[in-house]
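Encoded as structure tokens, the structure appears first; notes follow it.
As a basis for the values below, the full set of heavy atoms in this structure was taken, side chains included, without hydrogen atoms, waters or symmetry mates. Everything quoted here is computed from the prediction, not taken from an experiment. Note on naming: letters A, B, ... go to the chains in the order of the sequence lines (proteins, then strands), and numbering restarts at 1 for each one.
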Amino acid sequence: MKPRRIPRSFFMRSSVTTIARELLGKVIVSGIDDVRTAGIITETEAYAGVGDRASHAHGGRRTERTEVMYARGGTVYVYLCYGIHHLFNVVTNKEDVPHAVLVRGIVPIAGLDRMKERRGGRMTTDGPGTAAQALGIHVRHSGSDLIDGPIRIEDHGHQVPDADIKVGPRIGVDYAGDDAALPYRFWVGRPDALLSR
DNA sequence: CAGCAGATTGACT
DNA sequence: GTCAATCTGCTGC
């Protein structure tokens, strides 16, 4: 199938969990350092804005870092975690509603040599920090546009059967009280099978 | 302003 | 299993 760019309307929808689930199987393409690298999304987490205690925007919090979460859907939000890892998020919903989807894992499909180089020789891309690093994503890309910017999301026709989609609580959000148990994490059961679909 | 915890990772005991 | 790396932002003195 010919790659098709995901339109802004996909990201502007109001259900962040639906978007997180539908992003599985889609392809992140980054044109950074004059090299094209790409990977199929295999794991995501939804962060549901002001009412979600696990979200950086909980309670309407606005800081220099989180300001881009309030942009319209289809904007890139990247933040530094533990002072080291650049975590890639997709902002969703309309302007001023700070929903976002964290991409936690990818299967590389283009620019593998460059990705491995960025990873210091390692090829694993199954964590939020490692996936972003392989794609060359940096906090300087926070605020860029997914439709026109250096980082885009496309549909390459990779099929993910419902039976192969797993759902569970988010990782590392124990501090979020009851919200820590919400089933907002989505992942592909057999990621390698994506390559042949 | 000091202290601490965090949407993590990888090296080392 | 333990722990350091090291930036952002919150809490409390």
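- Near DNA chain B, defined here as any heavy-atom distance below 4.0 Å, the residues from residues 72-96 of chain A are A/Y79, A/C81, A/Y82, A/H85, A/L87, A/N89, listed numerically.
- In summary, the side chains of A/Q133 and A/R119 do present a donor paired with an acceptor at a separation below 3.5 Å, with no hydrogens or angles considered.
- Annotation: side-chain contact (heavy atoms from CB on, under 4.5 Å) contacts of A/D148 (sequence neighbours excluded): A/R5, A/D145.
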What pairs of nitrogen or oxygen atoms, one from the protein and one from nucleotides 9-12 of chain C, lie under 3.5 Å apart?
residue : atom : partner : partner atom : Å
C/dG9   : OP1  : A/T63   : OG1          : 2.7
C/dG9   : OP1  : A/R65   : N            : 2.7

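- One distance of note links NE2 of A/H56 with OH of A/Y47; it measures 7.5 Å at 0.5 Å rounding.
- Distance CZ (A/R170) to P (B/dT8): 12 Å, rounded to an integer number of Å.
- Of the candidates A/L23, A/V27, A/V103, A/I153 forms a side-chain contact (heavy atoms from CB on, under 4.5 Å) with just one, namely A/L23.
- Atom OG of A/S142 is separated from atom NE2 of A/H86 by 11.5 Å, given to the nearest 0.5 angstrom.
- Rounded to a whole Å, the CZ atom of A/R185 is 14 Å from the C1' atom of B/dT8.
- Counting to the nearest Å, the P atom of C/dC7 and the CZ atom of A/R140 are 15 Å from each other.
- Note on A/E154 versus A/R4: no salt bridge recorded, every NZ/NE/NH1/NH2 to OD/OE distance being 4.0 Å or above.
- Note that A/R13 lies in the cation-pi zone of A/F10, set by a 6.0 Å cut-off to the ring centre and a 45° limit from the axis.
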I'd like a list of close polar pairs between nucleotides 10-12 of chain B and the protein, N/O only, cut-off under 3.5 Å.
residue : atom : partner : partner atom : Å
B/dG10  : OP1  : A/R119  : NH1          : 2.9
B/dG10  : OP1  : A/R119  : NH2          : 2.6
B/dG10  : OP1  : A/R122  : NE           : 3.3
B/dA11  : OP1  : A/R122  : NH1          : 3.0

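- Here the P atom of nucleotide C/dT8 and the NE2 atom of A/H138 are 11 Å apart, to the nearest Å.
- Put simply, A/I165 and A/V188 are part of the same group of oily side chains (I, L, V, M, F, W, Y) that touch within less than 4.5 Å, one to the next.
- Only at 4.0 angstrom or more do the heavy atoms of residues 14-30 of chain A sit from any atom of DNA chain B, so none qualifies.
- Residues passing the side-chain hydrogen bond (donor to acceptor under 3.5 Å, both in side chains) test with A/R185 are A/E43, sequence neighbours excluded.
- For A/D126, the salt bridge (charged side-chain N to carboxylate O under 4.0 Å, His left out) criterion is met by no residue, not counting sequence neighbours.
- Using a 4.5 Å cut-off between side-chain heavy atoms of Ile, Leu, Val, Met, Phe, Trp and Tyr, A/I171 forms no hydrophobic cluster with any other residue.
- Of the P atoms belonging to C/dT6 and B/dC1, the separation is 23 Å, rounded to the nearest Å.
- Taking the six-membered ring where tryptophan is involved, the planes of A/H141 and A/H138 are perpendicular, since the angle between them exceeds 60° and thus also 30°.
- For A/F186, the CZ atom is densely surrounded, since the number of other residues' heavy atoms within 6.0 Å is greater than 12.
- Among the protein residues, A/I171 comes within range of the sugar-phosphate backbone only, with heavy atoms under 4.0 Å from sugar or phosphate atoms but none that close to a base.
- Between A/D179 and A/R170 there is no salt bridge, since no side-chain N of the basic residue sits under 4.0 Å from a carboxylate O of the acidic one.
- A donor and an acceptor atom, one from each side chain of A/S30 and A/T37, are located under 3.5 Å apart.
- Within residues 47-59 of chain A, the residues approached by DNA chain B to less than 4.0 Å at the level of any non-hydrogen atom are A/Y47, A/A54, A/H56, in residue-number order.
- Checked against salt bridge (charged side-chain N to carboxylate O under 4.0 Å, His left out), A/E117 has the following partners two or more places apart in sequence or in another chain: A/R114.
- Residues meeting the ring pair (Phe, Tyr, Trp, His ring centres under 6.0 Å) test with A/Y77, sequence neighbours left out: A/Y79.
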A/V90 and A/F11: CA distance, side-chain angles, deciding distance, side chain to side chain contact (heavy atoms under 4.5 Å, CB included) verdict: CA-CA 8 Å; A/V90 175; A/F11 304 105; 3.5 Å; yes
Just to be sure I follow the notation: if a pair is Watson-Crick (purine N1 to pyrimidine N3 plus N6-O4 or O6-N4) or a G-U wobble (N1-O2 and O6-N3), each under 3.5 Å, what dot-bracket string does DNA chain B give, with | for pairs to another strand? ||||||.|||||.
